[in-house]
Amino acid sequence: MNQTFVNNIFSNPAFDEATSLELFHYQYQYNRVYQQWCTLLNINPATIRDIQHIPFLPISLFKTHKVITGNVQPQMSFTSSGTTQTINSHHYIHDINIYKKSFTKAFSLFYGDVQDWCIIGLLPAYLERTNSSLVYMVNDLIQQSKHERSGFYLYDFEKLHATLLQLEGRKQQTLLIGVTFALLDFAAAFPMQLQHTVVMETGGMKGRKKELTRNEVHAILKQQLGVNAIHSEYGMTELLSQAYAKAAGVFHCPPWMKVLVRDEEDPLKISVSGKGILNIIDLANIESCAFIATDDAGIVHEDGSFEVWGRVDNSDIRGCSLLVV
């Protein structure tokens, strides 16, 4: 796919169905795994006229197949977290600059210029393994922020506490982005009253604690850290885009990403809103697959925002999994 197409994806102010259909035909032609999936579904690409009839690739195939579009040599791959009993997903990346453009532009759309922020990552489970797309994104935002206090923290909560106090004293706009269990541990050890810090959870308990609902987690963090709302990030290894929720777990997508919902009984019945299992169009996934049938149950509202309620039965527990309700 040429550079003009890539640039158009990120310059459109709203989600563009025509671009989605163009990318569908491109990936049908040049993505062997996706083409085989469409063939199994007896899909004739010439009959696809709207996004509700585009076939969505089961996300589990990223565990068992090399999902890549075109005859290209990947620069790198991202790998999902999991347990020793699970098979991890691999997302092969041909052009890492597409990922950088996606998360940088999305951050600016939701939160403004990254250089106005101090970025602090509390992602111990992810830093302890390799090839995490979340760590890559946060690390790049840390570098872009150019703030002297931006950085990662493992388990040194005392140092993190001192840093946040210093930043609060300066009235520095700060983003504390962390995996759920680490944020809960920090908040329990060092309760604070944060006024200039956005606290963002990325989901993920990984069996470390009793499973809590998102509402329960947010209530604890709000009380312990003194903030009015907990922000959330929705992303996964198989995507190159993220959605953000600034309150109550209601996520909004950047213009090049769209969430639809499929019927639990009939996976080919897809709607633009309603309750069911979430399907995602991520136009940044140009060289893998842009049409992903996830294992997340939830609701898509009429304005395109969505909520995640948990994993469907028999799907693997993963580090980025969002909390059940």
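None of the values given here were measured: they were computed from a predicted structure. Each residue takes its place number in the sequence, starting with 1.
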Main-chain N/O of [Y] paired to [X] side chain as donor or acceptor, under 3.5 Å:
X: Asn285; Y: Phe291; result: no
X: Gln35; Y: Tyr28; result: yes
X: Ser150; Y: Lys146; result: no
X: Ser80; Y: Ser89; result: yes
X: Thr174; Y: Gln172; result: yes
X: His147; Y: Arg149; result: yes
X: Thr197; Y: Leu194; result: no
X: Tyr34; Y: Pro55; result: yes
X: Glu307; Y: Gly249; result: no
X: Ser11; Y: Asn7; result: yes

Atom pair [atom1]/[atom2] of [X] and [Y] - distance to nearest 0.5 Å:
X: Leu260; Y: Ile54; atom1: CG; atom2: CD1; result: 9.0 Å
X: Ser133; Y: His91; atom1: OG; atom2: NE2; result: 9.0 Å
X: Gln173; Y: Gln115; atom1: CD; atom2: CD; result: 13.0 Å
X: Ile98; Y: Gln3; atom1: CD1; atom2: CD; result: 7.0 Å
X: Ile280; Y: Leu239; atom1: CD1; atom2: CG; result: 5.0 Å
X: Glu238; Y: Ser60; atom1: CD; atom2: OG; result: 9.5 Å

Measure centre to centre between the rings of [X] and [Y], then say whether the value is under 6.0 Å.
X: Tyr244; Y: Phe107; value: no
X: Phe24; Y: His53; value: no
X: Phe62; Y: His90; value: no
X: Phe306; Y: Tyr234; value: yes
X: Phe103; Y: Tyr99; value: yes

Open item on the list: Just checking Glu216: does its CD atom have more than 12 heavy atoms from other residues, nucleotides or ligands closer to it than 6.0 angstrom?
Closed with: yes
Open item on the list: Are more than 12 heavy atoms, taken from residues, nucleotides or ligands other than Arg170, located less than 6.0 Å from that residue's CZ atom?
Closed with: yes
Open item on the list: I need the single residue from Ile9, Asn8, Ile281 that forms a side-chain contact (heavy atoms from CB on, under 4.5 Å) with Thr19. Which is it?
Closed with: Ile9
Open item on the list: Going by side-chain contact (heavy atoms from CB on, under 4.5 Å), Trp37 matches just one of Leu41, Thr39, Val33. Which one?
Closed with: Leu41
Open item on the list: Working note: Ile177 + Leu141, criterion side-chain contact (heavy atoms from CB on, under 4.5 Å); need CA distance, chi angles, decisive distance, verdict.
Closed with: CA-CA 11 Å; Ile177 178 170; Leu141 292 175; over 6 Å; no
Task: Distance-minimising heavy-atom pair for Leu57 and Leu61 - done: CD1-CD1, 3.4 Å
- [ ] Considering non-hydrogen atoms only, spot the tightest contact between Met236 and Asp296 and give its length.
- [x] CE-OD2, 3.8 Å
Task: Flag for Asn215-Thr213: side-chain donor and acceptor within less than 3.5 Å - done: no
Task: Exercise: do Tyr153 and His161 side chains pair donor with acceptor under 3.5 Å - done: no
Task: Side-chain touch Asn279/Thr294, heavy atoms, less than 4.5 angstrom - done: no
TODO: Measure the shortest side-chain to side-chain distance between Asn228 and Lys222 over non-hydrogen atoms and say whether it is less than 4.5 angstrom.
DONE: no
Task: Candidates Phe10, Phe15, Phe5 - the one meeting ring pair (Phe, Tyr, Trp, His ring centres under 6.0 Å) with Trp256 - done: Phe10
Task: NZ/NE/NH1/NH2 to OD/OE distance under 4.0 Å, Glu201 and Arg214 - done: yes
TODO: For the pair Leu240 and Asp282, evaluate side-chain contact (heavy atoms from CB on, under 4.5 Å) and give the outcome as yes or no after the intermediate values.
DONE: CA-CA 7 Å; Leu240 293 184; Asp282 182 2; 4.0 Å; yes
